[in-house]
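Each remark here refers to the structure printed beneath this line.
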There are 2 protein chains.
Amino acid sequence: MTDPSARRPRADAVRNRERVLIAAEALFAELGLHAQTDDIAARAGVGVGTVFRHFPTKRDLVEAVIARRTESLIADARDAAADPSPGQAFRRLFAQAAELLARNRAIAEELAAGMDVPALAPSAKQALFAAMCQLAARAQASGELRADLCPADIVMLVSCVAHSVELAQRIDPGLRRRFLAMVLDGLRPGATTPLPGRRLDLEELGRLAGQRTAP
Amino acid sequence: MTDPSARRPRADAVRNRERVLIAAEALFAELGLHAQTDDIAARAGVGVGTVFRHFPTKRDLVEAVIARRTESLIADARDAAADPSPGQAFRRLFAQAAELLARNRAIAEELAAGMDVPALAPSAKQALFAAMCQLAARAQASGELRADLCPADIVMLVSCVAHSVELAQRIDPGLRRRFLAMVLDGLRPGATTPLPGRRLDLEELGRLAGQRTAP
DNA sequence: TGACAAGCGGAGCCTTCACTCCGTATTCTA
DNA sequence: TAGAATACGGAGTGAAGGCTCCGCTTGTCA
């Protein structure tokens, strides 16, 4: 697959790409997706042109940053699948995700947007959702999680937790832990109200979200 | 307080103001806060200048629309305070709010933004939050709602429900009912996990939100 | 019914931001 | 080390969208 005629990239290009990523990580974490390309370039000590050569659109840059920052969480999610108590693992993962989100505004905003902005190939977001849903399924099988929860509900939950983190950070970070605890209480198997309506799996969810976002 | 020298407003001005409000209600409901002033003017059959004479900024127009659309919900909330089962009334009010939000994107976005954009005098949003918190307090007193819930949690909940409605509308409206049911399950008094951290009342919440939003 | 305050319309201003273009500089290869 | 290939910088472009300005129109009051 690798073109043998392709020469290795220039050293300055490699260096600059890395600098841009680091600057973007910092600014996206602090300001969210509203961080501006010019500022990222300035922080990286590089011209805007350079940013756009490495990442043709701002969206590409966002994706790259989020993929890097989410890597370890996705790894944790996969490890958790082997945990002897899937229910506890599920709750722990949610808490870890919330912590990550609290330190990275852009990721919180991105996850708050749910399944939207699709067609991004097997993106970090999708990988994370998939891992969480698998973990949830195991927790349901072991009776530690309400059985009527479906994958679409999980995506919704993650999105809402992300939203709550965004909100809490602007007001009082303690609030996000309270919200999380409350939501997790609603997920216990002893839940009193059966969830109404039809179940929706990840595939269909992606399809529905895709339909709406396409121009 | 009324200036006696002020003549009554011209008939065409009154008519146009009403037209603008109706057009804005329709477009905000459909497109959310992104609806554009030019389009609202066009829909009202009026020039942009006219819109801005009646509502000096877009924000003013949004406030006016939301106040109108929220009136009956706030009235319901106040009535609910007299309900013999405050717990049920609380849950019913949440469901009513979610329905309203589903039909009005702008209100959903606005409530999703939580306590932000303050300094809007006794706004519709604040009135609604206040009424809901009062109802919650009664439900707690009657043991139908977990006792460790504080006013800030309610605001957070409303905001997250609004967010979930926004999300669900783009994907599958059924999801918003599932989310609501799940969250309400987490509010029952039998909840297992005590909410961590300190309680926060509406006043302090408003102060904190104000600090962050001020320029 | 005439004078004039109040209101109207909409071209265009101004700011914000993602993104482009091209002359110059740096790195790599032979 | 020369020449080609690649990358760089940043002024400039274009689109979006809130808001202003001012010449014209319309209601109101005496």
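Computation of the quantities below employed the complete heavy-atom set of this structure, encompassing side-chain atoms and omitting hydrogens, waters and symmetry-equivalent molecules.
Two residues, Gly49(B) and Lys58(B), neighbour DNA chain D, and the one matched to the more 5' nucleotide by heavy-atom proximity is Lys58(B). Summary of the strand contacts: His34(A) and Gly45(B) both lie near DNA chain C, and taking for each the nucleotide with the nearest heavy atom, the more 5' one is attributed to Gly45(B).
A distance of 11.0 Å separates CG of Leu175(A) from OG of Ser159(B), quoted to the nearest 0.5 Å.
At dT27(C), one or more side-chain N or O atoms of Arg15(A) fall inside 4.0 Å of OP1 or OP2 (strictly under the cut-off). OP1 or OP2 of dG7(C) has not a single side-chain nitrogen or oxygen of Asn16(B) nearer than 4.0 Å. Between Thr37(A) and the phosphate of dA18(C), there is a side-chain N or O to OP1/OP2 separation shorter than 4.0 Å. The side chain of Thr50(A) places no N or O atom within less than 4.0 Å of a non-bridging phosphate oxygen (OP1 or OP2) of dA7(D). OP1 and OP2 of dG7(C) both lie 4.0 Å or more from every side-chain N or O belonging to His54(B).
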Show me the donor-acceptor pairs within less than 3.5 Å that the side chains of residues 15-31 of chain B make with the rest of the protein, sequence neighbours left out.
from: Asn16(B); atom 1: ND2; to: Asp12(B); atom 2: O; distance (Å): 3.4
from: Glu18(B); atom 1: OE1; to: Arg68(B); atom 2: NH1; distance (Å): 3.4
from: Glu18(B); atom 1: OE2; to: Arg68(B); atom 2: NH2; distance (Å): 3.1
from: Glu25(B); atom 1: OE1; to: Arg69(B); atom 2: NH2; distance (Å): 2.9
from: Glu25(B); atom 1: OE2; to: Arg68(B); atom 2: NE; distance (Å): 2.9

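Comparing dT26(D), dC8(C), dA7(D) by their closest approach to the side chain of Ala13(B) singles out dC8(C). Listed nucleotides dC19(D), dT28(D), dC19(C) differ in distance to Asp38(A); the shortest reach to its side chain belongs to dC19(C).
Arg146(B) is linked by a side chain to side chain donor-acceptor pair (under 3.5 Å) to Asp185(A), Asp148(B), counting only residues two or more places apart in sequence or in another chain.
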